[in-house]
Protein chains: 2
Amino acid sequence: MNIRHFTFRLLQVYVAVVASGTVSEAARRLHLTQPTVSMQLKRLVEAVGEPLLESRQGRLFPTEAGSELYRASREVLGRFDDFDDYLSALRGGERGRFSIALVNTAQYVLPRLLGPHSQAFPEVEVTVHIGNRRQMLTRFERQEDDLYVFSHPPSLAHAKAGRFLRNPLVAVAPRGHPLAARERIDMSELLGERMLLREPGSATRMLFESWLQEQGLTLGRTLQMASNEAIRVGVASGLGLAVLSEHVLPPEHPDILILPVAGLPIESHWQFIVRSDRRLSHAALGFLRFAAGHLDACVEPRFLSNELEALLAGLERDESLH
Amino acid sequence: MNIRHFTFRLLQVYVAVVASGTVSEAARRLHLTQPTVSMQLKRLVEAVGEPLLESRQGRLFPTEAGSELYRASREVLGRFDDFDDYLSALRGGERGRFSIALVNTAQYVLPRLLGPHSQAFPEVEVTVHIGNRRQMLTRFERQEDDLYVFSHPPSLAHAKAGRFLRNPLVAVAPRGHPLAARERIDMSELLGERMLLREPGSATRMLFESWLQEQGLTLGRTLQMASNEAIRVGVASGLGLAVLSEHVLPPEHPDILILPVAGLPIESHWQFIVRSDRRLSHAALGFLRFAAGHLDACVEPRFLSNELEALLAGLERDESLH
DNA sequence: ATTTTATATAGATAACAATCTATGTAGGGT
DNA sequence: ACCCTACATAGATTGTTATCTATATAAAAT
């Protein structure tokens with residue numbers, strides 16, 4: 001019984017014959033001619049080496065071996081239908097897995113998207129990596145993830161990007177700070193105080209420093225802390241002032257206030273970045289689709305800046321060129 | 001995903017690649033060249049429409065879709081291996097089903113073979129039909145069974161036969177019968193008494209009557225009973241005398257004795273009959289093989305007459321001409 | 001006995017599977 | 001920079017599958 005003489009097609013035909021009980025009827029159902037089905041059957045019998053059907057009362061009934069082959073064929077064909085379903089689910093982004101890498105600051109917002117997405121697609125497994133900008137760039141170079149979230153994309157030579165959220169940087173001070181009462185403050189006035197800064201390699205710090213440079217300002221005393229949370233708590237405790245993403249502040253923040261510094265907030269946007277030299281997993285694509293459609297329901301309207309449709313259009317265009 | 005582009009061979013190759021983790025190694029294992037395997041893989045990827053493998057650290061790992069295909073392939077190939085095992089069992093006569101039709105008298109002996117056979121081959125289902133010779137002939141004409149047991153075969157045009165057991169017919173009388181003391185009796189002396197006979201259509205009756213005819217004798221008073229048991233009990237109760245198969249008598253039969261009639265026992269043999277125009281089921285063939293080998297262990301030696309090897313040789317010769 | 005219906009066989013063909021050899025290319029290791 | 005190994009592509013060949021039309025045969029129905 002050489003397995004090479006079996007084809008799925010042959011099994012399909014056989015199943016149709018057993019199910020209908022006649023060769024001609026099976027041929028009709030399969031949109032084949034009767035001799036075609038007869039031949040297939042003959043080949044199958046040869047391949048098995050046993051009679052498979054016997055004719056009684058004008059109908060074909062499977063023999064012992066025939067019944068077992070019928071069972072086997074049904075199972076095998078069924079298994080392939082299942083596989084096909086699995087593929088469809090995979091393609092529809094309903095199942096599968098993807099990984100996403102976030103810059104630290106984005107971790108305050110992304111769960112608002114990831115949570116509902118995983119409710120809607122419970123079969124999709126997501127891995128989230130978090131680190132500062134420099135670490136994310138390394139992951140990006142090494143192609144370790146499906147999606148990346150940056151505020152400023154790396155070279156777009158091998159990547160496509162789509163903005164989805166405003167990320168304003170604001171100056172913050174502890175409640176009761178002397179400058180708090182003022183209506184308008186100049187950044188230069190702040191620089192006399194100690195500034196709490198993120199580590200080098202952080203996107204927030206990079207943005208802040210390049211803004212300062214544009215303004216021709218330089219930092220005075222600083223204190224470096226490698227965490228937005230630590231800085232927020234530090235500011236609240238009077239350790240100094242800071243420039244932070246507004247997303248870092250909790251909805252209610254009675255112990256901290258935002259200073260009305262001229263030129264602030266520093267505007268930036270988070271974007272989803274996709275490597276264009278690497279095929280995007282269906283699950284990741286599914287997440288982007290979900291984000292495009294549900295972003296407005298998941299984040300505060302004032303931060304909205306949804307340019308994901310354009311990204312998706314670009315991706316799907318690529319997809320269609322095989 | 002057109003199922004026609006999948007072949008079992010393709011799946012075999014794919015499984016080998018996933019299992020070994022490299023194309024070249026799989027090629028070696030399959031005794032193929034590396035490009036052949038590469039090509040197969042390419043075709044499979046096309047057929048599925050998704051990438052199946054990705055290379056990491058110099059080894060190939062299945063993607064999401066690839067893993068599922070691997071699972072499906074293993075199951076499918078496994079199912080076919082099972083089917084192959086099933087076929088082997090069927091061919092070896094270890095499983096399957098057959099039916100056998102016995103003339104009444106043989107029912108006293110055949111269980112001695114059928115019992116041990118079904119111990120040895122518990123997966124084989126046997127159906128036993130019992131009736132008188134005429135009924136068996138009808139079943140034979142209609143090709144209703146795989147095996148038949150007759151003492152005299154029907155026309156051997158469409159059948160092969162093999163003797164396996166002596167079936168001597170003896171004259172019996174109740175214990176204490178006047179003729180019992182005699183050393184030698186003539187059948188003519190018995191015919192004065194009432195003879196208990198089986199129904200017309202019975203093999204025992206047919207044999208007895210044709211023997212009588214040869215001897216130029218005719219029956220006197222008779223009484224007809226359609227069962228060997230009834231006749232045996234009838235004789236024991238003094239209802240008359242009878243000529244019966246010796247097999248009908250229980251091992252101990254204190255109330256009945258065998259008369260030393262000249263010319264008796266009437267010798268006949270039971271035979272297994274197989275239609276030669278109908279393919280014999282493996283299970284039935286298995287039973288014949290079993291009978292050929294174990295007959296001596298299953299029946300009393302004095303009845304042995306095993307010519308089954310010749311029958312089997314004839315059958316297997318046919319088998320080999322397809 | 002004749003017609004209808006179901007199945008099998010023959011002969012033909014286009015497409016494809018399965019395989020090879022030869023050659024090109026890319027990723028790791030020294 | 002170079003080499004080895006693994007993988008991919010190209011081109012060719014052989015055999016098989018899948019399918020058809022036309023026709024013969026067997027079985028059932030009238």
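So you know, we letter chains A, B, ... as the sequences are listed, proteins then strands, and number each from 1.
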What is the separation between atom CG on A:Leu10 and atom C1' on C:dA17, rounded to the nearest whole Å? 15 Å

Given D:dC7, C:dT7, D:dT9, the nucleotide with the shortest approach to the side chain of B:Lys42: D:dT9

In whole Å, what is the span from the CG atom of A:Leu32 to the C1' atom of D:dT17? 13 Å

Ring centroid separation for A:Phe98 and A:Phe287, is it under 6.0 angstrom? yes

Looking at B:Arg4, does any N or O in its side chain come under 4.0 Å of the phosphate oxygens OP1/OP2 on D:dT19? yes

Can you say whether the rings of B:Tyr70 and B:Tyr14 are parallel (under 30°), tilted (30 to 60°) or perpendicular (over 60°)? perpendicular

Between CZ of A:Arg59 and P of C:dT5 the distance, given in whole Å, is 18 Å

Using heavy-atom distances to pick each residue's nearest nucleotide on DNA chain D, tell me which of A:Gln34 and A:His31 is more 5'. A:His31

Check the phosphate of C:dG27 against B:Ser55, side-chain N and O only, distance under 4.0 Å to OP1 or OP2. Yes or no? no

So which one's nearest nucleotide on DNA chain C is more toward 5', A:Leu41 or B:His5? A:Leu41

Fit a plane to each ring of B:Phe80 and B:Phe83, take the angle between them on a 0 to 90° scale, and name the class: parallel (under 30°), tilted (30 to 60°) or perpendicular (over 60°). perpendicular

Answer yes or no: does a side-chain N or O of A:Thr22 lie under 4.0 Å from OP1 or OP2 of C:dT7? yes

Using a 6.0 Å distance limit plus a 45 degree cone around the ring axis, check whether A:Arg275 lies over the aromatic ring of A:Phe140. yes

Using OP1 and OP2 only, check whether a side-chain N or O of B:Gln40 sits under 4.0 Å from C:dT19. yes

Which of C:dT7, D:dA18, D:dC7 is nearest the side chain of B:Ser24? It is D:dC7

A:Arg205 with A:Glu199: basic N within carboxylate O range, under 4.0 Å: no

Check whether any side-chain nitrogen or oxygen of B:Thr36 sits under 4.0 Å from OP1 or OP2 of C:dT19, and answer yes or no. no

Could you tell me the separation between the CZ atom of B:Arg9 and the P atom of D:dG15, rounded to a whole number of Å? 17 Å

Is any side-chain N or O of B:Thr7 closer than 4.0 Å to OP1 or OP2 of C:dA17? no

Counting the benzene-type ring for Trp, do A:Tyr148 and A:Phe272 have ring centres under 6.0 Å apart? no

For A:Ile3 and C:dA18, give me the distance from atom CD1 to atom C1', rounded to whole Å. 16 Å

Which of D:dA8, D:dT21, C:dT19 is nearest the side chain of B:Met39? It is C:dT19

Rounded to whole Å, CG of B:Asn2 lies from C1' of C:dA15 at a distance of 13 Å

Quick one: is D:dT16 close enough that its OP1 or OP2 comes under 4.0 Å of any side-chain N or O from A:Arg43? no

Under 4.0 angstrom between B:Ser38 side-chain N/O and D:dA8 OP1 or OP2: yes

Tell whether B:Glu25 reaches the base of D:dA6 with its side chain through a donor-acceptor pair below 3.5 angstrom. no

OP1 or OP2 of C:dC20 versus the side-chain N and O atoms of B:Thr33: is any pair under 4.0 Å? yes

B:Glu46 atom CD is separated from C:dA18 atom P, nearest whole Å, by 14 Å

Nucleotide C:dC16, atom P - distance to CZ of B:Phe8 in whole Å: 20 Å

